[in-house]
Amino acid sequence: MRLQACFLGLLALFVTGKCSYSPEPDQQLALPPGWVSLGRVDSEEELSLTFALRQQNVERLSELVQAVSDPGSPRYGKYLTLEDVAELVRPSPLTFRTVQKWLLAAGAQNCHSVTTRDFLTCWLSVRQAELLLSGAEFHRYVGGPGEIHVIRSPHPYQLPKALAPHVDFVGGLHRFPPTSSLRQRPEPQVSGTVGLHLGVTPSVIRQRYNLTAQDVGSGTTNNSQACAQFLEQYFHDSDLAEFMRLFGGNFAHQASVARVVGQQGRGRAGIEASLDVEYLMSAGANISTWVYSSPGDSGAGCWSVSGRHQFRPSFPASSPYVTTVGGTSFQNPFRVTNEIVDYISGGGFSNVFPQPSYQEEAVAQFLSSSPHVPPSSYFNASGRAYPDVAALSDGYWVVSNSVPIPWVSGTSASTPVFGGLLSLINEHRILSGRPPLGFLNPRLYKQRGAGLFDVTHGCHESCLNEEVQGQGFCSGPGWDPVTGWGTPNFPALLKTLINP
């Protein structure tokens, strides 16, 4: 009877016990530091959940991503349109129909999907959601840098087994908003002579990475770049204009974004959102910039696009399909000198994603040659290793809420800088009749970091115990899990990436 019950129509989809399964058996349920439970949520309060539907042809999509990203492939640069991707991965009609009927029978309302139809977001009451997702129990939490409120379940959930071929996971239950890497450090104290700068500004970045006044966008191509702002973090147009007035005087630039997609809040500006926009638009100077805005709980990010604007939030930094940027600082904090590791720079090996083939050789070389590798029990040597590249992440000036703020630090600073420089390289490629770079990593590793300054000094922080004594991975010649292949030398990087 139990076996039959799993397939006796929509009502059977609510059967639990042996007819249920756990879509995310390894999901972390521990409450992150800095978050506090405020108790159970009222049963009639509404919440939004996102259901990830099983995609088709995933292996074929992976092959195509590799082909269009590999300079040695005849398909290099021949990107698929969003409609092409949708046609390839769109869930089967049976999957979409089954999940939709299951949700509607449970009382879900205002369901909407995306072009690829592989995500379905619906509104339900807490009571309906807890009946739908066996084991879930929704609580309200407060925390994070902005003391924001979120609703999450501290317990695992299960789905009817009949849905196993159709639903990969349900979003909005367990993951908490990530903590920003940004922090404001005290001004460095040095004795003796005064240095050449009093913090990182666009002119310092352009000097260090060898950009000239001519290294800006032409304003004539179908080239654009974008930032995303989440966690109710918003930038202000007036802050961007003031930032460019203070720091953009020696290069052509745009003092306003071309378009905001989504809801732009009216509250106080967030320092991370301000930094993203200001440094993406000063590194990728004079290039049309869009901002995607959502009050949701994913991380922030920047990227370069051309022609079509595409957006999928919530890629973790360790994803093998993301170019991850580590952080560096100047050896002398007041001089535009060589860079060393910023000790708060992230990096290491993923416990979630396997190591992609494009980086296997570089990682093996590091592990076999570095004199400063932590014990093997402390990291997953077969996981995706990151970062891939790095840039300055220490001592930035940011304008937020009309106030110039000094000494802002974190890899959230280095990421928009590297993204903006790639936008400039895309500008040159488009003007030369070539496609934009697209996914950079396969090419980056094949060229073994050509066009980048190799950072060979410094380590990032680790656990404080007798075995590692606070020292994590250390940088060295070639690729390393602290600064990747290094920081940009723009003229050399342009020469390396302009062809084919």
Student: Can you measure from CZ (Arg40) to CG (Leu38) and round to the nearest 0.5 angstrom?
Tutor: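 So the CZ of Arg40 and the CG of Leu38 are separated by 14.0 Å.
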Student: Which distance, rounded to the nearest 0.5 Å, do you find between the CZ of Phe138 and the CG of Leu124?
Tutor: 8.5 Å
Student: Without swapping roles, check the side chain of Arg268 against the backbone of Ser400 for a donor-acceptor pair under 3.5 Å.
Tutor: no
Student: Under the 3.5 angstrom rule, does the side chain of Ser153 hit a backbone N or O of Glu137 as a donor-acceptor pair?
Tutor: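 Looks like yes, one N/O pair under 3.5 Å.
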Student: For the OG atom of Ser256 and the CE atom of Met281, what is their distance to the nearest 0.5 Å?
Tutor: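 Atom-to-atom, Ser256:OG and Met281:CE are 6.5 Å apart.
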Student: Step by step, work out the side-chain contact (heavy atoms from CB on, under 4.5 Å) result for Thr323 and Leu422.
Tutor: CA-CA 11 Å; Thr323 300; Leu422 292 180; 5.6 Å; no
Student: Between Asp388 and Val322, what is the shortest heavy-atom contact and its length?
Tutor: OD2-O, 3.3 Å
Student: Taking Ser350's backbone N and O only, do any of them form a donor-acceptor pair with Asn380's side chain (distance below 3.5 Å, no angle check)?
Tutor: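 Yes, because the side chain of Asn380 sits within donor-acceptor range (under 3.5 Å) of the backbone of Ser350.
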Student: Show your reasoning for whether side-chain contact (heavy atoms from CB on, under 4.5 Å) applies to Val389 and Val325.
Tutor: CA-CA 5 Å; Val389 292; Val325 186; 4.0 Å; yes
Student: So, do Leu246 and Pro404 sit near enough that their side-chain heavy atoms are less than 4.5 Å apart?
Tutor: yes
Student: Which pair of non-hydrogen atoms, one from Ala269 and one from Ser274, has the smallest distance, and what is that distance?
Tutor: CB-OG, 3.9 Å
Student: Hey, can you tell me if His174 and Tyr157 have their rings parallel, tilted or perpendicular (30° and 60° cut-offs)?
Tutor: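 Tilted: the ring planes of His174 and Tyr157 meet at 30° to 60°.
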Student: Between the side chains of Asp84 and Tyr79, is a donor N or O closer than 3.5 angstrom to an acceptor N or O?
Tutor: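 On atom types as modelled, these side chains do not qualify, holding no pair under 3.5 Å.
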Student: For a side chain to side chain contact (heavy atoms under 4.5 Å, CB included) with Phe51, tell me which candidate from Leu159, Leu103, Asp118 qualifies.
Tutor: Leu103
Student: Is the backbone N or O of Arg127 less than 3.5 Å from a side-chain atom of Ser43, with the two atoms forming a donor-acceptor pair by type?
Tutor: no
Student: With distance as the sole test, does Ser22 use its side chain to make a donor-acceptor pair with the main-chain N or O of Glu24 at under 3.5 Å?
Tutor: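 Checked: no pair found.
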Student: Got His236 and Val399 here, is their nearest side-chain heavy-atom distance under 4.5 Å?
Tutor: no
Student: Rounded to the nearest 0.5 Å, what separates atom CD in Gln66 from atom OH in Tyr358?
Tutor: 9.0 Å
Student: If every non-hydrogen atom of Ser224 is compared with every non-hydrogen atom of Ile287, which pair is closest and at what distance?
Tutor: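 Scanning both residues completely, I find the closest heavy atoms to be CA-CG2, 3.9 Å.
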Student: Nearest 0.5 angstrom please: Leu53 CG to Arg117 CZ, how far?
Tutor: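 The CZ atom of Arg117 is 9.0 Å from CG of Leu53, to the nearest 0.5 Å.
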Student: Please name the pair of heavy atoms, one in Gly395 and one in Trp407, separated by the smallest distance, quoted to 0.1 Å.
Tutor: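 Shortest heavy-atom contact: CA-CE3, 3.4 Å.
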Student: Check the side chains of Thr50 and Thr121 for a donor-acceptor pair under 3.5 angstrom, ignoring hydrogens and angles.
Tutor: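 Yes - a donor-acceptor pair under 3.5 Å links their side chains.
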Student: Check whether any side-chain N or O of Ser62 sits under 3.5 Å from a backbone N or O of Val58 as a donor-acceptor pair, and report yes or no.
Tutor: no
Student: Check whether any side-chain heavy atom of Asp276 lies under 4.5 Å from a side-chain heavy atom of Gln229, and answer yes or no.
Tutor: no
Student: Donor-acceptor pair, Glu339 side chain versus Ala391 backbone, under 3.5 Å?
Tutor: no
Student: Measure across Leu31 and Phe176 and return the closest heavy-atom pair with its distance rounded to 0.1 Å.
Tutor: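 Looks like CD1-CZ, 3.5 Å.
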Student: What class does the angle between the rings of Phe349 and Phe473 fall in, given that below 30° is parallel, 30 to 60° is tilted and above 60° is perpendicular?
Tutor: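 Correct class here is tilted.
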Student: Heavy-atom distance under 4.5 Å between the side chains of Ser113 and Phe96, does that happen here?
Tutor: yes
Student: If we ignore hydrogens and angles and just use 3.5 Å, is the side chain of Thr411 paired with the main-chain N or O of Gly327 as donor and acceptor?
Tutor: no
Student: Using 30° and 60° as the class boundaries, would you call the ring planes of Trp485 and Tyr445 parallel, tilted or perpendicular?
Tutor: perpendicular
Student: Counting N and O atoms only, with roles assigned by atom type, does the side chain of Gln355 sit under 3.5 Å from a partner on the main chain of Gly383, one being a donor and the other an acceptor?
Tutor: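 Indeed, once roles are kept as given, a pair shorter than 3.5 Å links the two residues.
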Student: Begin with the C-alpha distance, continue with both residues' side-chain angles, and end with the deciding distance and a verdict on side-chain contact (heavy atoms from CB on, under 4.5 Å) for Asp394 and Val200.
Tutor: CA-CA 7 Å; Asp394 186 31; Val200 174; over 6 Å; no
Student: Assess the residue pair Leu132 and Trp102 against the criterion (side-chain contact (heavy atoms from CB on, under 4.5 Å)); give the C-alpha distance rounded to whole Å, side-chain angles, the decisive distance to 0.1 Å, and a yes or no.
Tutor: CA-CA 9 Å; Leu132 190 72; Trp102 171 64; 3.4 Å; yes
Student: Rounded at 0.5 Å granularity, tell me how far CZ in Phe247 sits from CD in Glu278.
Tutor: 8.5 Å
Student: Mark yes when over 12 heavy atoms from residues, nucleotides or ligands other than Glu87 sit less than 6.0 Å from its CD; otherwise mark no.
Tutor: no
Student: Is there a side-chain contact between Val455 and Thr487 (heavy atoms, below 4.5 Å)?
Tutor: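 Result yes, sub-4.5 Å side-chain heavy-atom pair found.
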Student: For Asp168 versus Gln55, what's the shortest heavy-atom pair and its separation?
Tutor: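 Scanning both residues completely, I find the closest heavy atoms to be OD2-N, 4.3 Å.
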Student: So, Ser125 and Glu44: side-chain donor and acceptor under 3.5 Å apart, yes or no?
Tutor: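 No.
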Student: Does a side-chain heavy-atom distance below 4.5 Å link Leu392 with Val417?
Tutor: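 The answer is no, as the side chains (C-beta and beyond) never meet within the 4.5 Å cut-off.
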Student: Between Thr483 and Ala390 (side chain of the first, backbone of the second, donor and acceptor by atom type, cut-off under 3.5 Å), is there such a pair?
Tutor: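 Side chain of Thr483 to backbone of Ala390: no pair is present.
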Student: Got Ile151 and Arg140 here, is their nearest side-chain heavy-atom distance under 4.5 Å?
Tutor: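 They are in contact (side-chain heavy atoms under 4.5 Å apart), so the answer is yes.
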Student: Pick one: which of Tyr396, Tyr279, Trp397 meets ring-ring contact (aromatic ring centres under 6.0 Å, His included) with Phe243?
Tutor: Tyr279
Student: Are the side chains of Thr289 and Gln254 in touch, meaning some heavy atoms are under 4.5 Å apart?
Tutor: no
